[in-house]
2 protein chains.
Amino acid sequence: MDGDQPSSRDRLIIAAQRLFARHGYNGVSVRDIAAEAGMNSASIGYYFGGKENLLAEVYRRSAAPMKAERRRRLAELDEAGITDLPALIDAFVRPALLADESGSFLRLRTILSAENSDIFSSLTAENFDDTSAEFIDRLCRALPNRARTEIMWRFHFMLGTLYYSATGPQRIATISDGQCDPHDVDRLLASLVPFLVAGFSAQEKDVLS
Amino acid sequence: MDGDQPSSRDRLIIAAQRLFARHGYNGVSVRDIAAEAGMNSASIGYYFGGKENLLAEVYRRSAAPMKAERRRRLAELDEAGITDLPALIDAFVRPALLADESGSFLRLRTILSAENSDIFSSLTAENFDDTSAEFIDRLCRALPNRARTEIMWRFHFMLGTLYYSATGPQRIATISDGQCDPHDVDRLLASLVPFLVAGFSAQEKDVLS
DNA sequence: GTCTATACAGTGATAGAC
DNA sequence: GTCTATCACTGTATAGAC
């Protein structure tokens, strides 16, 4: 049956997942992870070949439920025959902020994107290239009068709002004297989705290049 | 006269500024910085009390010209009597991407925001709270029918697009098969400013809270 | 196969010699 | 004011126990 103890390998992944989410990548040592899993630090080298490969394993595990949730929402939209922009953007953005508790996976990815950009690139490409392409295709269909290149730029900007929301929360709280609480994901989404919808719908400025 | 050699302290700051911009904060050791400045690594402890305080010094030095450029552009607008949203947003966004070569200071700040969020918070507050407040006030005046809270949320989203553009460049290049080059700052701005203008102008969704 | 003790070169910080 | 020496820490690699 499935009631088996998790394997040593799995225990390491779970411990790493928890610690990376809380303290980022560089903020956690292999010794911390091993201790959290109740194992020797050298076991990470044995099972994964190094800290970086363990990160890749954690990334894959965390990405899976988020991708599944996005796919589920898209299927729901298809079933209901909905193709409008707000629903589409919501289906992309909401799972990123809600898939794991308080967007800890999103936070980890933001840290990686800034600090270890080469690792981040390959992991993102490996895990999200298909989903991203799917969404860009749908965005182009929902916005037939916008150039595909322009939509990709705006997709890029959307990622920025998402990533930053996962890490820079105290800034908006400071500026607003506590009126804006970035941990209130529902409130955040209520502002973010209309903002993005308007941005994606914007008239194109004439560009030379 | 002013033709003096830069002091040992200044040599360290300049070396750190160059290395932090290229390799981020954690990617540079105090030994690297000291070697670049032609000094002993312990000198950083002596002059600054530690790597973190040296970072604060670098931050202040880098923020100054960017803030000056923003102020200069705002003064220009005031002189010409321009108060429209696109010009205002451009005056905020452009100096962040152009003040130093290839936005290396913006990149450093993004890394800090993700990895060392407590340091980032205090440095940002120390250096940018006044500028941010000034811009939010102007945004509110340019958008008199939008709630101030909502404008602060959108300001938060704008920071996200900026920060991410400074670090996650290769992602958009991959997705677009090279059609979008995030290092082309002029092209980036040509898409970003209209996107933000539309986002800031968006109709408010009815929010419960 | 699984796991661990241990050594190695690197980090930031710091006490104390000069 | 500057440097040497040293400390506790990091990720990694490996020899060897079981």
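We name chains A, B, ... by the order of the sequence lines, and we start the count at 1 in each one.
Of the listed nucleotides (C:dA7, C:dA15, C:dG12), C:dA7 has the atom at the smallest distance from the side chain of A:R31. The side chain of A:S29 lies closest to D:dT10 when the candidates are C:dG12, D:dT10, C:dA5. Considering only side-chain atoms of B:Y46, the nucleotide from C:dT11, C:dG1, D:dG1 that sits closest is D:dG1. Checking D:dT10, D:dC3, D:dG11 against the side-chain heavy atoms of A:K51 singles out D:dG11 as nearest. Among D:dG11, C:dG12, D:dC3, the nucleotide with an atom closest to any side-chain atom of B:N40 is D:dC3.
Across all strands shown, B:S8 has heavy atoms under 4.0 Å from sugar-phosphate atoms exclusively, and none from any base. Residue contacts shown for A:G50 are limited to sugar-phosphate atoms, with no base heavy atom under 4.0 Å away.
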Please report, to 0.1 Å, the donor-acceptor pairs under 3.5 Å made by any side chain of residues 86-97 of chain A, with sequence neighbours excluded.
from	atom 1	to	atom 2	distance (Å)
A:D90	OD1	A:R94	NE	2.8
A:D90	OD2	A:R94	NE	3.3
A:D90	OD2	A:R94	NH2	3.0

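Per the geometry, CG belonging to A:N26 stands 12 Å off P belonging to C:dG12, to the nearest Å. D:dT12 atom P lies 10 Å from atom CG of A:L54, rounded to whole Å.
Taking both residues in full, the closest heavy atoms of A:N127 and A:D130 are given as O-OD1, 3.7 Å, listed atom of the first, atom of the second, then distance.
Using a 4.0 Å cut-off, no side-chain N or O of B:S43 falls inside it from OP1 or OP2 of D:dG1.
When the salt bridge (Lys or Arg N to Asp or Glu O under 4.0 Å) test is applied to A:D129, the partners found at least two apart in sequence or on another chain are B:R171.
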